[in-house]
Amino acid sequence: MNGFEDDKKPKCDGDEYVKPGPKDLQVQLVISLSLGVSAFLAFCILRRRWKSLYAARKRHAEIELPHLPDTLFGWMPALYRITEHQVLACAGLDAYVFLTFFKMSLQLFAVMFFCAAVVLEPINRHFDPGHKRNDTNPSEFSLLREYAPYSDYQKVNLFGNAGENSGDGHGGDDESFNKNMSYLWSYLVFTYVFTGLTLFMLNRYTLKVIGIRQNYLGTQSTITDRTFRLSGIPEKLRTENAIKSLVEKLEIGKVESVTLCRNWKEIDELMERRTAILAKLEETWSVYISQKPKLPVGTQANGDGTASGAPEVRSDEEAGESERLLRGGHDMQIDRPRPQARLWYGFLRMQSRKIDGLDYYTERLRLLDEKIIAARKKTYEPANIAFVTMDSIAACQMAIQALIDPGPGQLLTKPAPAPSDVVWRNTYKPWWRRRFQSWTVTIFISILSIIWVGPVAALASTTICTIKAIMPSLAETLKDHEIIRSLIQTGIPTLVVSLLNVAVPYLYDFLSEHQGMISRGDVALSVISKNFFFTFFNIFLIFTVFGAAVAGIQETFRKSLTDSTYIAYTIATKIEELTSFYSCFIMLQGLGLFPFRLLQFGSISLYPINRMGAKTPRDFSQIMQPPMFYYGFYLPTALLVFILCLVYSVLPDGYQVLGLGVVYFVFGYFTYKYQLLYAMDQPQHATGGAWRMICYRVILGLVVFQVTMSGYLALKSAFTVAVLVTPLVIGTVWYSWNFKWQFEPLTKFISLVSIKRGEDEEEGVNEVAILDDEREGGYEEDVDQRSLRRRGSTTVDEAREKGLRFVNPSLVVPLEQPWIYQDPPPPFTEESDSLEFAIGGSEGEYSYGAGPSIRSRRDETRVEGIATRPPGPGSGAASSNSSSSISLGDTHIWRQ
C-alpha cells in the first residue's frame, strides 16, 4: 500500500512521516537568540559612537529628553525609569497610545500565563496526557497536518450529534458530562475568565487613554485644535467672506481665518518641476566643483603644487589684491571642463545636441521662478473644501460635533489635520475622483489578498509529506538530519512569513498614498488597517484554514460556502497543530528581530548605498535626517501576536505561547520606547486615533478566540460546553456596539469640559473634570501631576506647529537657491530686483537675485568628499572619489 492515498488525496502514514518534535523550538530558539544577542550587543557598542543616529531627536532644541548614560548597559535602567508623562511630553500623544497598548498586553498576558501554567497545564497533563507530541502517534500531531476527511467533519457539527460514539471523545454523543472528559469544563471556565479579564483591561486602559487625551488636547493651544475642515460647500458659498459669515451666524464663536482650497494644480506642478530642476542644477555644480582644474597655457605643475612660469605672489595680505590686479586675471585663471547637458529637440525629439549644463539648468530655473511668481498672483477656481480657524478650541469643537446644514452631504465638519499633514494636491480634487481612487485601491487590495492565498498556502504546506511527493530522496535524507529538517519544516516558513511582514507594508503604504485622502494622519491609520488585514487574513486565517496542499484551496472554498461552520471547524482542527509554527513566529519576532529594529539595521545597511548616490550637500543632508517611525509598519504585527496569544491561551501548550507573548511585548515596549523618544521622528499627528483601531482589533481577537474554543470543544464531542460559549460571543459583540457609541466619540473629539478657557477658570471647571475622571476610575494620575503638566512648558505639538498656518506651501514657501557649498544658501525672495545669475570662473561665485552671494571659502572644509570651494591657483584638485566611498569608517557624520 502506498500510504499516501486516502480518498485520492496524499496523506502521510506514521511510518513515512517524520513529525516535528521539540527540536523545532530548540533550533528556532538558538537562531533567535543568536540573531538577537549579536544585534543587541552591536547596538550597545555603536550607540555611544553614532549618537546622531541613535540619539537623533536630541538635536531638536525644543525637546528636552531624559539623559541616558553612555555606558554599555547603563542606559537600560535609565530608559526603564522614564515615566509615561515624560513619554507624553517628549514624544506626543500617538507615541503614548502606541506604548500603552504594549503595556496593557504585557500585564494582561502575564496574568494569563500564570493561570495557564499553574492551573490549566496541570489539568491537561493529568486528564489529557496524550496532547504532548512526544506521547502521540506521529500521524496524529504534525506541524501542518492534512485536513481530516470531510466525511468525518459531517459526523460532528457544533450543534448536534450523529454517528456512533467512538469512546475517545471524538464520537457523536455529547461527552460534556462524561467523567473522563470533565476537564473540558475548565476550558469553558477559563474562556469566560480570560474574556472578562481582557475586556476589563481594555476598558480600564481605554478610560485612561481618554482621560490623558482629553487633558492633553484640551490644555494645549495649537492652530490645529482651533481649526475644523468644512467639506461639501455649495458653489454660492465658495468665498472666504461667505463662509466666515455663515459660521459666525451660528453664534458659536468668532472666525479667525478661512482658507478656501482652490484648484492649485498649476502652481503645484510648477513647484514639482522646480524641485527636479534644482536637483539637476545642484548635481551639475557638484560635478563641476569636483573636477580637476586645467592649468593655464605655458605653465607646468611643480612638485609643491604651484605652477611654474607664474609670477610669484607675495603672501602679504595687503599686497594680495594689488598683485592679482597687476598680474591680470584672464590668462592666469584656472579653468575646468564645464559639465554638458544633452538637449533633445526636433520631430519626436529625435535630434540632440550638447550644451553647457550649468547655463542650461540655471536658465531653466530662472524661467520657472518667473512663472511661479506670476502664478502666485493668480486667482484660482475654488474647491468644495475649506479650513476654518476659530478664536477658541471650544468654538471649534462645537462646530465639529454639530450638524450645520440639513442638506445631505453639504457643509460637513470634521477635525482638521495639522497644517504640515495636509495633502494639498487632494484638497482640490473632485469628490468623485477621490472616491474613485479609494474604491480602486480597495478593490486592488482585495484582489491582491486573493492572490496572496496561493503563495501563503504553498508556504503552509511545506512539510516532509510535500517534499517527499516532489523530491523523495531529499525527504529520506531529512529523516536522518533532524536539525536541517527543523529548519526546512519550521524555520523557513517562519522566516518567510516574517519577511512578508516587513515587505508588504511598504506596498500598502504606497497604495494608501494614492487613495486620495486629505491628511497624512488618515493615510497612517489606513496603512494600519490594510496591514492588519494582510497579517490577520493571510498569515493567520489563510495559513490556518488553507494549510493543506495548494491543490485543496478550491475544495476548501467550496466547503466553506456550503457549510457556514466549516471555517470554525477547520480553525479548531488546525490551530493546535500550528502551535509550534506560531511559537517559532513569536519567538523570532520577539527575540530575534526586535534587537535588529533597535539597531536600525535597515538604516545602517542602506547608508553605503545612499552615500554612493549622494552627490550634493543637500543629498548628504537628507541622509543625515533621522528615520521616520511609521505605526502602520509595526502595530499590525503586534496585534497579530495579541490575537495569537488570546487564541492559544486556553488550549494545551497555551502557556508556551503566552510566555513567548510576554517576552515579545516586554522587548517591544522597550525597543519602541527608545526609538520613539531618542532615535526616530514621527511624520504624522493623529491625536491618538490608533487606540480605537486597537480596541476593535482586540474585540475581533476575542471573537476569534471564542469561536475557536467552541469549535475545539465540539471536536471533543462536548457539545453542551461548546454551546455555552455562545453567550460570550453575544456579549463581546454588544461590548463592541457599546464602545462605538460611548467611547469612540471621546477618541475623536475634545469634550467642552476638558478645554481650558483661561487661568481663572482652570481651578474650577477642570478640577471638576479631574474629580469625575477619578471617580470613574479612568485616570489614576494625582491632581498635582496633572496641574504640573497643564501649566508646564510647550507640548510637542505646540512646538511642531509654532508659526504654521493653513495655506498651500506652493503659494508662500521661499524659493530655494542651489545648495552648492557646505552651508545652505539663503532663500530667494520675490522682492528681488532682478533674477540674475552670475557664475564666476575661478572664484566660483554664484549669485541669485538680490540675495547675498555665496563665494569661495578660504578654509578647505569639505562636505563628505565635496569641496566647499573650487580650488584656486596652485591648489590641488577636489577629488570626487571620496563621495562614492562605501566604507562605514566615515562614521563621524553620525557622531556629535
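By convention here, the first residue in the shown sequence is residue 1. Everything numeric here is computed off the predicted structure, so don't read it as measured data.
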Trainee: Please name the pair of heavy atoms, one in Phe705 and one in Leu646, separated by the smallest distance, quoted to 0.1 Å.
Mentor: CD1-O, 2.9 Å
Trainee: Output yes when a side-chain donor or acceptor of Arg226 lies under 3.5 Å from a complementary backbone atom of Met390, and no otherwise.
Mentor: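 Yes, because the side chain of Arg226 sits within donor-acceptor range (under 3.5 Å) of the backbone of Met390.
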Trainee: Kindly determine whether Tyr54 and Arg49 satisfy side chain to side chain donor-acceptor pair (under 3.5 Å), including the steps that lead there.
Mentor: CA-CA 9 Å; Tyr54 295 117; Arg49 295 174 56 85; over 6 Å; no
Trainee: Measuring centre to centre across the rings, with the benzene-like ring taken for any Trp, is Phe594 within less than 6.0 Å of Tyr672?
Mentor: yes
Trainee: Output yes when a side-chain donor or acceptor of Ser526 lies under 3.5 Å from a complementary backbone atom of Asp522, and no otherwise.
Mentor: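 No, the answer is negative, given that no donor and acceptor are paired below the 3.5 Å cut-off.
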Trainee: Under a 3.5 Å cutoff, is there a donor and acceptor pairing between the side chains of Thr389 and Glu256?
Mentor: no
Trainee: Determine, stepwise, if the pair Phe98 / Phe629 fulfils ring pair (Phe, Tyr, Trp, His ring centres under 6.0 Å).
Mentor: CA-CA 11 Å; Phe98 182 76; Phe629 189 95; 5.6 Å; yes
Trainee: Do Arg204 and Met104 have side chains that get closer than 4.5 Å, going by heavy atoms?
Mentor: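 No, too far: nothing below the 4.5 Å cut-off.
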Trainee: Can you see which heavy atom on Pro595 is nearest to which on Gly36, and at what distance?
Mentor: CB-O, 3.3 Å
Trainee: Any non-hydrogen side-chain atom of Phe109 less than 4.5 Å from a side-chain atom of Tyr664?
Mentor: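 Result no, sub-4.5 Å side-chain heavy-atom pair not found.
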Trainee: Could you tell me the separation between the CD1 atom of Ile400 and the OG1 atom of Thr227, rounded to the nearest 0.5 Å?
Mentor: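 Reported to 0.5 Å precision, the distance equals 9.0 Å.
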Trainee: Do Asn501 and Phe534 make a side-chain contact, defined as non-hydrogen atoms from C-beta onward lying under 4.5 Å apart?
Mentor: yes
Trainee: Answer yes or no: is there a side-chain heavy-atom contact under 4.5 Å between Asp509 and Lys530?
Mentor: no
Trainee: Compare every heavy atom of Pro417 with every heavy atom of Val422, then report the nearest pair and how far apart it is.
Mentor: CG2-CG, 3.7 Å
Trainee: Looking just at side-chain N and O atoms, do Gln600 and Tyr607 make a donor-acceptor pair shorter than 3.5 Å?
Mentor: no
Trainee: Considering only heavy atoms from C-beta outward, does the side chain of Tyr582 approach that of Val647 to under 4.5 Å?
Mentor: no
Trainee: Is there any salt bridge (Lys or Arg N to Asp or Glu O under 4.0 Å) pair reaching into residues 67-81, and which pairs are they, with sequence neighbours excluded?
Mentor: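 For residues 67-81: Lys51-Asp70.
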Trainee: Would Phe806 and Phe387 count as a close aromatic pair, with their ring centres under 6.0 Å?
Mentor: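 Yes, the ring of Phe806 comes within the 6.0 Å limit of the ring of Phe387, centre to centre.
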Trainee: How far apart are the closest heavy atoms of Leu644 and Val657, and which atoms are they?
Mentor: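 Nearest heavy atoms, Leu644 then Val657: O-CG1, 4.2 Å.
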Trainee: Counting N and O atoms only, with roles assigned by atom type, does the side chain of Gln86 sit under 3.5 Å from a partner on the main chain of Thr83, one being a donor and the other an acceptor?
Mentor: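 Yes, Gln86 side chain to Thr83 backbone: donor-acceptor pair under 3.5 Å.
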Trainee: Do any N or O atoms from the side chain of Lys673 and from the backbone of Leu79 form a donor-acceptor pair under 3.5 angstrom?
Mentor: yes
Trainee: Please round to the nearest 0.5 Å and tell me the distance separating atom CG of Leu500 and atom CG of Asn538.
Mentor: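 Leu500 CG to Asn538 CG: 8.5 Å, rounded to 0.5 Å.
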Trainee: Looking only at side-chain N and O atoms, does Tyr96 offer a donor or acceptor that is under 3.5 Å from a partner on Arg213?
Mentor: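 Note: Arg213 and Tyr96 side chains miss the donor-acceptor criterion.
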Trainee: Please test Phe739 against Leu202 for side-chain contact (heavy atoms from CB on, under 4.5 Å), starting from the C-alpha separation and ending with a verdict.
Mentor: CA-CA 11 Å; Phe739 181 90; Leu202 185 64; 5.8 Å; no
Trainee: I'd like to know if the side chain of Gln401 and the backbone of Ile750 have a donor-acceptor N/O pair within less than 3.5 Å.
Mentor: yes
Trainee: Answer yes or no: is there a donor N or O on one side and an acceptor on the other, between the side chain of Asp681 and the main chain of Met628, under 3.5 Å?
Mentor: no
Trainee: Any side-chain to backbone donor/acceptor pair from Ser621 onto Arg618? Under 3.5 Å, distance only.
Mentor: no
Trainee: Take Gln107 and Tyr205 through the test side chain to side chain donor-acceptor pair (under 3.5 Å) and record every step on the way to the result.
Mentor: CA-CA 11 Å; Gln107 296 179 357; Tyr205 275 92; 2.6 Å; yes
Trainee: Take Val662 and Leu106 through the side-chain contact (heavy atoms from CB on, under 4.5 Å) test and state the conclusion after the steps.
Mentor: CA-CA 6 Å; Val662 171; Leu106 171 60; 3.8 Å; yes
Trainee: How many angstroms lie between OH in Tyr674 and CE in Met76, if you round to the nearest 0.5 Å?
Mentor: 12.0 Å
Trainee: On a heavy-atom basis, which atom in Ile586 and which in Gly661 lie closest, and how many Å separate them?
Mentor: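 That would be CG2-N, 4.1 Å.
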Trainee: Using a 3.5 Å distance criterion without hydrogens, assess whether the side chain of Ser438 forms a donor-acceptor pair with backbone atoms of Arg434.
Mentor: no
Trainee: For residues Phe633 and Val502, determine if any side-chain heavy atom of one lies less than 4.5 Å from a side-chain heavy atom of the other.
Mentor: no
Trainee: Evaluate the ring pair (Phe, Tyr, Trp, His ring centres under 6.0 Å) criterion for residues Phe43 and Phe596: first the C-alpha distance (whole Å), next the side-chain angles of each, then the deciding distance (0.1 Å), finally the verdict.
Mentor: CA-CA 8 Å; Phe43 167 76; Phe596 273 90; over 10 Å; no
Trainee: Quick one: pull up OG1 in Thr687 and CG in Leu93 and give me the separation to the nearest 0.5 Å.
Mentor: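 Those atoms lie 6.5 Å apart.
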Trainee: Just how far is it from atom CZ of Phe532 to atom CD1 of Ile539, taken to the nearest 0.5 Å?
Mentor: 11.0 Å
Trainee: Would you call Lys103 and Glu84 a side-chain contact if the rule is heavy atoms closer than 4.5 Å?
Mentor: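 Lys103 reaches Glu84 side chain to side chain.
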Trainee: Quick check for you: to the nearest 0.5 Å, what is the distance between Phe102 atom CZ and Thr671 atom OG1?
Mentor: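 So the CZ of Phe102 and the OG1 of Thr671 are separated by 9.0 Å.
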Trainee: Provide the closest heavy-atom pair for Ile528 versus Pro636 in the form atom of the first, atom of the second, distance.
Mentor: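 Here Ile528 and Pro636 meet closest at O-CG, 3.7 Å.
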Trainee: Looking at Gly211, is its backbone amide N or carbonyl O close enough to the side chain of Asn215 to form a donor-acceptor pair, meaning the two atoms are under 3.5 Å apart?
Mentor: yes
Trainee: Evaluate side-chain contact (heavy atoms from CB on, under 4.5 Å) for Arg805 paired with Thr259, printing each intermediate quantity in order.
Mentor: CA-CA 9 Å; Arg805 56 195 180 102; Thr259 300; over 6 Å; no
Trainee: Quick one: are Leu598 and Phe670 in side-chain contact, heavy atoms under 4.5 Å?
Mentor: no
Trainee: Tell me if the CZ atom of Phe601 is crowded by more than 12 foreign heavy atoms within 6.0 Å.
Mentor: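 No, the 6.0 Å shell around CZ holds no more than 12 heavy atoms from other groups.
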Trainee: Is Gln437 reaching over with its side chain to a backbone N or O of His514, donor-acceptor style, under 3.5 angstrom?
Mentor: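 Between the backbone of His514 and the side chain of Gln437 there is a qualifying donor-acceptor contact (under 3.5 Å).
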Trainee: Would you please test Phe667 and Leu591 for side-chain contact (heavy atoms from CB on, under 4.5 Å) and show each step?
Mentor: CA-CA 8 Å; Phe667 283 25; Leu591 297 178; 3.7 Å; yes
